[in-house]
Amino acid sequence: MADEQGFTPRSTDFSAWYNEVVLRAELADYSPVRGSMVIRPWGYGIWENMQRALDQMFKDTGHQNAYFPLLIPMSFLEREKEHVKGFAPEVAVVTHAGGKELEEPLVIRPTSETIIYAMFAKWVRSYRDLPLLINQWANVVRWEMRTRLFLRTAEFLWQEGHTAHVDEADAEAETIRMLGVYRTFMEGWMAMPPVLGRKSDSEKFAGALRTYACEAMMQDNKALQAGTSHNLGQNFARQFELKFQTAAGGEDFAWNTSWGVSTRLVGGLVMTHGDDGGVVVPPRLAPIQAVLVPIYRTDEERTLTVEKAHGLAGELKRAGVRVHVDDRDTLKPGAKYFEWERKGVPVRIEIGPRDVAKQSVMLVWRLELGGRPRKEPMLESVVVDSLPERLEQFQQALLDAAIARREANSYRGVTEYARLREIVEGAGGFVYAGWCGSPECEEKVKDDTKATIRCIPFEEFRSPEAPARCLVCGGEAKMEVIWARAY
RNA sequence: CGGGGCGUAGCGCAGCCCGGUAGCGCGCCUGCUUUGGGAGCAGGAGGUCCUCGGUUCAAAUCCGAGCGCCCCGACCA
């Protein structure tokens, strides 16, 4: 750590900065088991706000929550060939229970496709039972070789949506719809603007027909796969006999989709908005949106300012603002400022005797954004009415800044392989270039530069001019892709 | 699994080379003074020095083995 109070600057060592911020903002801590972590109240509060927003969106699109068990028979996982191949190395297996060795080992779910579609098969008889739209909030375990707080841990929390449909078109529409929900959430709540697109075959989910993803750019210009949505085709339906009677009286396998986002998003939030002073939490996700800090010297002043703070807090709460009064008498105001800035509370409201006398307060934003001053004196009488709107403006300014940063580090129309290497091995960023579609070219870039195809972007994200040549082999480009190093 | 680093008070570390009463900073507790950007002073609590074995009159320190964690690389949300 640079010194007792500050963080290692991002420019010196981004990854050291990230670890320090997560630990010292009290988002999470290491648990005694390698690679697993404890999510602390501040981090969990952010996750809860993420859950709340997403859960509502899932319900608004017709999904219902359910819960499927943690333990899955080993044989289930083995049923889909690609699927088991994809997950086998990282699955934790329970071999003993009740003091005896089990006849069939149980796997701790790395994901729940197998158990869920096995159950769907029991519940679906007719096309009238479709679509079946289910979501679950759960923990999963993947024994990763290398772990990082929030970004990759042995156990993590997520939601996994699982649906069954009558035909491919319906399943595809669902897959794309839910990717869109993720985008809405990431932009609107996290102020983290993703690029949307399809994954190449080598990057797609084990067992899926097609995988789509939201790729966000972190401040070190690396990509973070922030959410995925899969069209599973009939692969799982065939293995688990998820069949239904069609309207025409025939029989068909259902078409499935699955989609998920995880606590990894919390890491993405940190790496999108955090600065050398700590975390920055967008207002819509902040467990505390405004912290009130009374400032006083004497007991009389203390009574005056603390009462004033609680009074204002009550009004703000009624106006729908999540507030906290930090009336701890053991810390000086400055210490409180640093603590709440480290944790990323969007705005602080200072209330001192001079403010009370003027019937005003001092707003201090977490950072200067969108040309607004950080400090802003405001009459008490207007705080309650204007703060919700100002918080929304702050939220929007965070998104604008993130979009600007992403664009500034995106390189379109790259046609020279040397240029790709220069960018990827230098400052990093998203490189838009042509690809012939061959796995060999994809592999070569990965071997040479550690960059991978993050996605084949949707039309909205593509460059005005379609690339003509494959960046790697010079052959005819079948599509435009985004290259970047990724988490 | 390869490379690197580290294990000493709650946290961060020094001490180890050259064996001899276990220390510093921060935090914590008590009191007084403080409080508009990380408070000051005084007093105080807090330790299987990662584990096991060896050498020695004597081991945090030397030797051997083991364990754990973090960071960097190969797999992945």
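Order of the sequence lines fixes the chain letters, A, B, ..., with proteins taken first and strands second; residue numbering starts at 1 for each chain.
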Candidate nucleotides B:G36, B:C75, B:C76, ranked by approach to the side chain of A:Arg142 - the nearest:
B:C76

Once you round it to whole Å, what is the distance between P of B:G36 and CD1 of A:Ile349?
19 Å

Mind checking the C1' distance from B:U35 to B:G40? Whole angstroms is fine.
12 Å

Looking for any heavy atom pair under 4.0 Å, which part of the strands does A:Arg342 touch: base, sugar-phosphate only, or nothing?
base

Roughly how far apart, to the nearest Å, are B:C57 and B:C41 at atom P?
48 Å

Write down the distance between CZ (A:Phe87) and C1' (B:C75), rounded to a whole number of angstrom.
12 Å

Any base atoms under 4.0 Å from A:Gly352, or only sugar-phosphate, or nothing? Heavy atoms, all strands.
base

Could you grab the distance from atom CE of A:Met119 to atom CG of A:Leu132, nearest 0.5 Å is fine?
11.5 Å

Looking across every strand, which nucleic acid part, if any, lies under 4.0 Å from A:Leu224 by heavy atom: base, sugar-phosphate, or nothing?
nothing

May I ask you to check whether A:Phe120 and A:His162 place their ring centers less than 6.0 Å from one another?
no

Regarding A:Ser15, tell me which of base, sugar-phosphate or nothing describes its non-hydrogen contacts under 4.0 Å with the strands shown.
sugar-phosphate

How long is the line joining CG of A:Asp29 and C1' of B:G10, in whole Å?
12 Å

If you only use heavy atoms from C-beta on, which nucleotide in B:G36, B:G37, B:A74 is closest to the side chain of A:Asp355?
B:G36

Between the side chains of A:Glu174 and A:Arg177, is the shortest nitrogen-to-carboxylate-oxygen separation below 4.0 Å, so that they form an ion pair?
yes

What's the closest nucleotide to the side chain of A:Lys446 if the choices are B:G37, B:C75, B:U35?
B:C75

Check whether the aromatic ring of A:Phe338 stacks on the base of B:G37, taking stacking as ring centres less than 5.5 Å apart and planes within 30° of each other.
no

When rounded to the nearest 0.5 Å, the distance separating CG of A:Asp220 from OG of A:Ser11 is 12.0 Å

By the 4.0 Å heavy-atom rule, please label A:Glu341 as base, sugar-phosphate, or nothing.
base

Can you see whether A:Phe68 has A:Arg109 sitting over its ring - NZ or CZ less than 6.0 Å from the centre and within 45° of the normal?
no

Could you state the interatomic distance from CG (A:Leu149) to CG (A:Leu23), rounded to the nearest 0.5 Å?
5.5 Å

Which part of the nucleic acid does A:Arg354 contact within heavy-atom distance under 4.0 Å: base, sugar-phosphate only, or nothing?
base

Is any side-chain N or O of A:Lys336 closer than 4.0 Å to OP1 or OP2 of B:U35?
no

Across every strand shown, the nucleotide meeting Watson-Crick or G-U wobble geometry with B:A74 (both distances under 3.5 Å) is none

Taking a pair to mean Watson-Crick or G-U wobble geometry with both distances below 3.5 Å, B:C52 pairs with B:G64

Closest to the A:Asp329 side chain, choosing from B:C76, B:G37, B:U35
B:U35

Does the side chain of A:Asn19 get closer than 4.0 angstrom to OP1 or OP2 of B:C70 through an N or O atom?
no

Select base, sugar-phosphate, or nothing to describe what A:Lys375 touches, counting heavy atoms under 4.0 Å on all strands.
base

Heavy atoms only, 4.0 Å cut-off, all strands: where does A:Thr153 land among base, sugar-phosphate and nothing?
base

If pairing means Watson-Crick or G-U wobble with both distances under 3.5 Å, then the partner of B:G43 is B:C29

If you count heavy atoms of other groups shown closer than 6.0 angstrom to CH2 of A:Trp143, is the number above 12?
no

Among the nucleotides B:U35, B:G37, B:A77, whichever has the atom closest to the side chain of A:Tyr296 is B:U35

Would you indicate, yes or no, if B:U35 has its OP1 or OP2 atom less than 4.0 angstrom from a side-chain nitrogen or oxygen of A:Arg297?
yes

Gap between atoms CD1 and C1', on A:Ile295 and B:G37 respectively (whole Å):
9 Å

Within this structure, what is the CZ-to-P distance between A:Arg374 and B:G37, rounded to whole angstrom?
12 Å

A:Ala335 side-chain proximity, nearest of B:G38, B:A74, B:G37:
B:G38

How many Å lie between NZ on A:Lys199 and C1' on B:C76, as a whole number?
11 Å

Expressed in angstrom and rounded to an integer, what is the separation of A:Met145 atom CE from B:G73 atom P?
14 Å

pair_partner(B:G23), Watson-Crick or wobble, both distances < 3.5 Å, evaluates to B:C13

Under 4.0 angstrom between A:Tyr30 side-chain N/O and B:C71 OP1 or OP2
yes

Of the candidates B:G36, B:G73, B:A77, the side chain of A:Lys450 sits closest to B:G73

To the nearest Å, how far apart are A:Glu144 CD and B:C1 P?
17 Å

Who is the Watson-Crick or G-U wobble partner of B:U35, with both distances under 3.5 Å?
none

What interatomic distance, in whole Å, is found between P of B:U51 and the corresponding atom of B:A45?
25 Å

Of all pairs that satisfy side-chain hydrogen bond (donor to acceptor under 3.5 Å, both in side chains), the ones with a partner from residues 287-298 of chain A, not counting sequence neighbours:
A:Tyr296-A:Asp329

